[in-house]
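First up is the structure itself, then whatever we jot down about it.
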Protein chains: 2
Amino acid sequence: MGMGRPREFDAETALDQAMEVFWRHGYEGATIAQLTEAMGINPPSLYACFGNKEGLLKAALDRYTKLRNVWMDEVVAAPTARDVAERMLMGIADKQTDPANPPGCLLVQGGIACGTGSESVPFELAARRAENEDQLRDRFVRAKAEGDLKPTSDPAALARYVSAVSVGMGVMASSGSDREALQQVASVAVQAVEAQSADRT
Amino acid sequence: MGMGRPREFDAETALDQAMEVFWRHGYEGATIAQLTEAMGINPPSLYACFGNKEGLLKAALDRYTKLRNVWMDEVVAAPTARDVAERMLMGIADKQTDPANPPGCLLVQGGIACGTGSESVPFELAARRAENEDQLRDRFVRAKAEGDLKPTSDPAALARYVSAVSVGMGVMASSGSDREALQQVASVAVQAVEAQSADRT
DNA sequence: CCAGATATGTAGTGTTCACTACAGATGTGG
DNA sequence: CCACATCTGTAGTGAACACTACATATCTGG
């Protein structure tokens, strides 16, 4: 029994192209025709490789979060909670206005509200965002234990807050805000984390 | 020349129903069939009254922002910049988790990313959000002039910040966060505005 | 009561959508 | 070289979409 004809395209390269289409148009706004054209393949190849449109989205999300997690590891490596927040939000201001990518964040642009039959998509995106929030929360728990954050601070609430600001910045970026505007938001937002930081003596 | 047969439905009541459908499913996710059923009318009545799907959305947005502006007037009537931010964000935590409405905010849920042919929808929503931001900015400009905000503060950046947090909270609400979680975010967020407030002597 | 004007309900229109049947191409194991 | 397995391109499939033609109903002005 033979192995069959080998695939002629690289799955990860194709996923990068699909990611960009979902990023720009959202899950429902992206059509199979746009996706296949961007990926440089025909529909049967797409379906053989990824199952269906939703499977393709999940594969694209896997790739997106994988790359993003590398960066998140750098973020939480910052020495203090305040620096974690600053590194995260300033980094997001940069990344979400990087002309190499569509504006905003795939985990937001992908789809906040969806029609009947795609109800699971917003939850899928929310689950991925929650992963980042958990990572932040763990980091802030540590910061509190280290005395970096005040004993009265709530690490989970802080993580939720930073996550919420990130999402808000993503929406702003996708609707035309420039890098400077996002940096201003990040700069103000960091001050709330500062307010929860212990005084440096 | 006669006036013609009068319309048998109330436009504002119908708009309220349409608003809810757009709110829950987004512009692209909402179908004409869902809209007409919720509005209790047939397609020809919808098109005669609102032109097309996008016209219906704009009419729904007009109604939404009209109601919202009444509330925003109350928000900016708070005595200090800090209280404005608190009233706004805490109010949003309440409103976006009010079971009487779909979760989140129509100006976010309506559509962040759209497919070809609906590119103007996200901009339309962004323009409405910008109105609220302008109102906040004007209020913060006044707060700075009154010495309520520090001389070094940036009212426009603060307004952008509060607006961004609002949007982030909307996304969280639509993906299942409860009222308490949003209130925690609001509570942390207010502290950034507090940090820009002059010390009370 | 009639002419003109607008609204309504039924029943479609063409288009676009996600998805696939099928035939031919290209690989492996024997 | 042959049986088999998998991929690829062409050309569709039925379903759902936004939108509308048309006949009928209900109003106003004269």
Side-chain angles (χ1 to χ4, degrees), chain A residues 1-15 17-19 21-22 24-61 110-111 113-121 124, chain B residues 1-15 17-19 21-22 24-61 110-111 113-121 124:
Chain A
M1 35 183 161
M3 252 182 51
R5 178 175 175 177
R7 127 172 355 126
E8 291 184 1
F9 63 96
D10 177 60
E12 293 206 331
T13 305
L15 267 183
Q17 307 306 317
M19 204 171 77
V21 175
F22 283 132
R24 200 174 294 280
H25 298 291
Y27 175 74
E28 291 195 305
T31 69
I32 298 291
Q34 287 173 325
L35 289 164
T36 53
E37 185 183 350
M39 298 166 84
I41 61 178
N42 291 309
S45 298
L46 189 160
Y47 284 89
C49 191
F50 303 104
N52 55 20
K53 191 182 176 184
E54 199 166 331
L56 176 61
L57 174 71
K58 286 181 183 172
L61 289 177
C114 276
T116 310
S118 308
E119 293 92 347
S120 68
V121 169
E124 184 72 28
Chain B
M1 37 182 161
M3 252 185 52
R5 177 174 176 176
R7 105 167 22 116
E8 291 182 3
F9 64 95
D10 178 60
E12 293 206 331
T13 305
L15 267 183
Q17 306 306 318
M19 205 171 76
V21 175
F22 282 133
R24 200 174 295 280
H25 297 291
Y27 175 73
E28 291 194 306
T31 69
I32 297 292
Q34 287 173 325
L35 290 163
T36 52
E37 186 184 350
M39 298 167 84
I41 61 178
N42 290 308
S45 299
L46 190 160
Y47 284 90
C49 191
F50 302 105
N52 56 21
K53 191 182 176 184
E54 199 166 330
L56 176 61
L57 174 71
K58 287 183 182 171
L61 289 176
C114 277
T116 311
S118 308
E119 293 92 347
S120 68
V121 169
E124 185 72 27

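Quick caveat, the model's predicted, so the values are computed rather than measured. Labels below follow one simple rule: chain letters A, B, ... track the order of the sequence lines, proteins then strands, and each chain is numbered from 1.
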**Request:** Could you state the atom-to-atom distance from CE of A/Met3 to C1' of C/dT28 in whole Å?
**Result:** 7 Å

**Note, A/Phe50 side chain near A/Leu15 side chain (heavy atom, < 4.5 Å)** = yes

**Message:** I need the NE2-P distance between B/His25 and D/dA18, as an integer number of Å.
**Reply:** 12 Å

**Message:** Taking atom types as they are modelled, would you say the side chain of A/Arg5 forms a donor-acceptor pair with the base of D/dC7 within the 3.5 Å cutoff?
**Reply:** yes

**Item:** Between D/dT6 (C1') and A/Phe9 (CZ): distance, integer Å
**Value:** 12 Å

**Request:** Please tell me which of the listed nucleotides, D/dC27, D/dT8, D/dA18, lies nearest to the side chain of A/Arg7?
**Result:** D/dT8

**Message:** Going by the rule salt bridge (Lys or Arg N to Asp or Glu O under 4.0 Å), which residues pair with B/Arg7 if we only count those two or more places apart in sequence or in a different chain?
**Reply:** none

**Request:** Sort and list the pairs that fulfil salt bridge (charged side-chain N to carboxylate O under 4.0 Å, His left out) and have at least one residue in residues 24-51 of chain B, not counting sequence neighbours.
**Result:** B/Glu20-B/Arg24

**Spacing between B/Tyr47 atom OH and D/dA21 atom C1', to the nearest angstrom** = 14 Å

**Asked** Rounded to whole angstrom units, what separation is found between the CG atom of B/Leu35 and the P atom of D/dC19?
**Response** 11 Å

**Fill in**
B/S/- along nucleotides 9-14 of chain C (protein heavy atoms under 4.0 Å) is BB----

**Prompt:** Rounded to whole angstroms, how far apart are CG on B/Asp10 and P on C/dT8?
**Reply:** 12 Å

**Distance in angstrom units between A/Glu28 CD and D/dC17 P, rounded** = 10 Å

